[in-house]
Asker: 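Pasting a structure below so you can have a look.
As the structure is a computational prediction, the values presented were derived from the model and not from experiment. Order of the sequence lines sets the chain letters (A, B, ...), proteins ahead of strands, with each chain counted from 1.
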Number of protein chains: 2
Amino acid sequence: MATLWLLDDVPSPTQDSETLRKAVQGFGTDEEAIILTLGRRNASQRREIREKYQQLYKEHLIDRLYSELSGDFRKAVMLWTYDPPERDAILANETLRARRKGPKELQVIVEIACASSPHHLMAVRQAYCSRFDGSIEEDIASLVPLPLKKILVGLVSSFRYDKELVNADVANSEAEILHNAIKMKQLDNDDLVYVLSTRSFSQIRATFKSYEQRFGNHIHEDIKASGNGTLESLLGVVIWCIDTPEKHFAEVIRTSILGLGTDEDSLTRAIVTRAEIDLKKVRAEYLKMYKSSLDNDVTGDTSGDYRRFLMTLLGSKR
Amino acid sequence: MATLWLLDDVPSPTQDSETLRKAVQGFGTDEEAIILTLGRRNASQRREIREKYQQLYKEHLIDRLYSELSGDFRKAVMLWTYDPPERDAILANETLRARRKGPKELQVIVEIACASSPHHLMAVRQAYCSRFDGSIEEDIASLVPLPLKKILVGLVSSFRYDKELVNADVANSEAEILHNAIKMKQLDNDDLVYVLSTRSFSQIRATFKSYEQRFGNHIHEDIKASGNGTLESLLGVVIWCIDTPEKHFAEVIRTSILGLGTDEDSLTRAIVTRAEIDLKKVRAEYLKMYKSSLDNDVTGDTSGDYRRFLMTLLGSKR
């Protein structure tokens, strides 16, 4: 369900490196060549290009892109060119180092922990320790205030069971645990945190289904209705990222576009991080939720190379 | 600081497999050959032997050892022959499935989480998910009662920063956090759990040093003096496993030997899991703590093939 359009007959990493080298050398930069070369390669092809480029020209491709490009376009191309675990480690660290750390900012950490595979999360944690002076959980514990940190430390620390095995009794009893916590407005209750941060995604989805059958509403609605504090807001993201990540990312894109000005960082993040995962589903969900075309909305709210790059990741064949 | 005695001129995995095959075939078993072949090989050599044996004889070496050997000797040889992460996953699962889950039983989980490298713990978690129907943190959360589970879920979920980088200010302020929690007898306090389960081992050791300088006692003494409940007992193990694992394992061995009868499971675990890590330090610590020779005490309390195998892991050249 990726939107990324991959060539049938892909150039070799050497050819791609040569194209990129030509694009960044001399007067001016050939942005179009960069967009078409990097924007139509998957993560492992991009890794090969990075390695070959480094070997041929003794410089880091990403450093060179940084010095040649600018603005939102630069940020998008760089995030796309990093290895995905390293990219996510950088996004998480940026968030944790920022002054403002509300649920909107922290949702990137929920996305990494709950809308990615357990192995990807593990790779992000390793990349985080290699790149920064500490672990992601340690930075959350020391930089994020309670009660948000309690949820986030649990979520990023998980290495969830990854098979489709569901225990219906557990789903029923844990639906009850979640219901009680919500009813009592104890959204940072230990048991709720254990359920959301240790169970496998399949098991939690079964628990959400049981919740809806037994208590009438989707748990997402009940959490949203239980107040409007930061905790409800963050937990709403957790529920969607686990249950239907496409809803969450459709909302991120919508929110980034709506209103005065565009939140380019969020828009970039949603498209760059999901282009190889489920952006087609996000597009379908966006249409369903907002009766509007995601591609048209992105086109209408962006411009220039940045727009061309995002549209390339969205599979535009021009 | 391993006790393991490795040969300078080690036979090939094929030769070792042939020796083992001869030892388990026909009437009777040649235990001595098994002891000398497996007991003088390190983890990567044992892995090569396992793989070669499987390839040559189309059977799992460990299954064959299970059917040929018996008693404590069998258990020790099998644990030694497993890949260390798989071995620890099995030990943790055995503990979690047992009916009795007090601090004494649960200390094996603390050992895996706090007296091993972050990468080893990660490998254990992966092995656990591959071998059993869930993750280790999920099984702890659902099978261990509070407050012990709160400590253990935090510890097993960590992927600690692994470099020798210490922040003295953090050490001082977190020594204070630990001191307050102990003074208030709140040993499952969130902040205490965050410090012990997210900080790097070097950082926590610096915090313990700061604690001792500021408050006069080693934190281990203060925790032990704060009561005699299960939580104090488990946290004492945590402190030692992080600070000086050799003290913890010296105590495990001593306790397994003292009194009527021997606790072979604990004795086996301590020797098998530390033979390649720090068993020489454990031996030195044992002498210091108990004015007695670890090797003599193990010899005096065990017999037969089991004794010969443990002594081989302790480096006996006979």
Side-chain angles (χ1 to χ4, degrees), chain A residues 113 118-119 121-147 149-150 152-167 169-170 173-174 177 188-204, chain B residues 113 118-119 121-147 149-150 152-167 169-170 173-174 177 188-204:
Chain A
H119 279 94
L121 172 58
M122 186 42 52
V124 174
R125 294 172 75 187
Q126 291 176 326
Y128 196 102
C129 283
S130 305
R131 201 176 165 101
F132 306 109
D133 287 342
S135 72
I136 184 168
E137 62 265 35
E138 162 174 36
D139 282 350
I140 295 171
S142 61
L143 298 168
V144 176
L146 279 171
K149 86 167 154 188
K150 182 168 175 180
L152 291 178
V153 167
L155 294 176
V156 301
S157 301
S158 64
F159 180 71
R160 300 173 196 266
Y161 183 67
D162 203 13
K163 301 196 194 91
E164 301 282 333
L165 186 77
V166 163
N167 181 322
D169 293 339
V170 168
S173 73
E174 298 192 342
I177 287 174
D188 61 343
N189 168 293
D190 285 348
D191 290 326
L192 175 142
V193 175
Y194 287 133
V195 170
L196 295 179
S197 64
T198 69
R199 291 298 186 192
S200 75
F201 292 131
S202 321
Q203 180 65 48
I204 302 182
Chain B
H119 279 94
L121 171 58
M122 186 42 53
V124 173
R125 295 172 75 187
Q126 291 177 326
Y128 196 101
C129 283
S130 305
R131 201 177 164 98
F132 306 109
D133 287 341
S135 71
I136 183 169
E137 62 265 35
E138 162 174 37
D139 283 350
I140 294 171
S142 61
L143 298 169
V144 176
L146 280 171
K149 87 165 152 190
K150 182 168 175 179
L152 291 178
V153 167
L155 295 176
V156 300
S157 300
S158 65
F159 180 71
R160 299 173 196 265
Y161 183 67
D162 204 13
K163 301 194 194 92
E164 301 281 335
L165 188 77
V166 164
N167 181 324
D169 293 338
V170 168
S173 73
E174 297 192 344
I177 287 175
D188 62 343
N189 168 295
D190 284 348
D191 291 327
L192 175 143
V193 174
Y194 288 133
V195 170
L196 296 179
S197 65
T198 70
R199 291 299 187 191
S200 74
F201 292 131
S202 321
Q203 180 66 48
I204 302 182

Asker: When you measure from the side chain of B:E137 to the backbone of B:V156, do you find a donor-acceptor pair of N or O atoms at a distance under 3.5 Å?
Answerer: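 Between the backbone of B:V156 and the side chain of B:E137 there is no qualifying donor-acceptor contact (under 3.5 Å).
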Asker: Kindly compute the distance separating CD1 (A:I177) from CG (A:L196), expressed to the nearest 0.5 Å.
Answerer: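 That separation rounds to 10.5 Å.
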Asker: Roughly how far, to the nearest 0.5 Å, is CZ of A:R125 from CZ of B:R160?
Answerer: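 Reported to 0.5 Å precision, the distance equals 10.5 Å.
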Asker: Tell me, for A:Y128 versus chain B, whether the close heavy atoms (under 4.5 Å) come from the side chain, the backbone, both or neither.
Answerer: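 Looking at A:Y128, nothing touches chain B.
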Asker: With only heavy atoms counted, which part of A:R199 is less than 4.5 Å from chain B, the side chain, the backbone, both or neither?
Answerer: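 Answer is both: backbone and side chain atoms of A:R199 are under 4.5 Å from chain B.
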Asker: Donor-acceptor pair, distance only, cut-off 3.5 Å: does the side chain of B:S158 make one with the backbone of B:L155?
Answerer: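 Yes, B:S158 side chain to B:L155 backbone: donor-acceptor pair under 3.5 Å.
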Asker: Where does A:Q126 contact chain B at under 4.5 Å (heavy atoms): side chain, backbone, both or neither?
Answerer: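 Both parts, heavy atoms under 4.5 Å.
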Asker: Please state whether the side chain, the backbone, both or neither of B:D191 comes within less than 4.5 Å of a heavy atom of chain A.
Answerer: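 B:D191 touches chain A through side-chain heavy atoms alone.
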Asker: Any side-chain heavy atom of B:D188 within less than 4.5 Å of one from B:L192?
Answerer: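 When only atoms from C-beta onward are counted, B:L192 and B:D188 do not touch, as no gap falls below 4.5 Å.
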Asker: Given side chains that start at C-beta, do those of A:S200 and A:L165 come closer than 4.5 Å, heavy atoms only?
Answerer: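 Sidechains of A:L165 and A:S200: no contact.
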Asker: Please classify the contact between A:L146 and chain B as side chain, backbone, both or neither, with a heavy-atom cut-off of under 4.5 Å.
Answerer: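 Only the side chain of A:L146 comes within 4.5 Å of chain B.
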Asker: Let me know if A:N167 has heavy atoms under 4.5 Å from chain B in its side chain, its backbone, both or neither.
Answerer: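 For A:N167, neither part sits under 4.5 Å from chain B.
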Asker: Which bit of A:Y194 is near chain B, if near means a heavy-atom gap under 4.5 Å: side chain, backbone, both or neither?
Answerer: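 Side chain only.
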Asker: Among A:K150, A:E174, A:K163, A:K149, single out the residue with the greatest number of heavy-atom pairs under 4.5 Å to chain B.
Answerer: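 Among the listed options, the one with the most contacts to chain B is A:K149.
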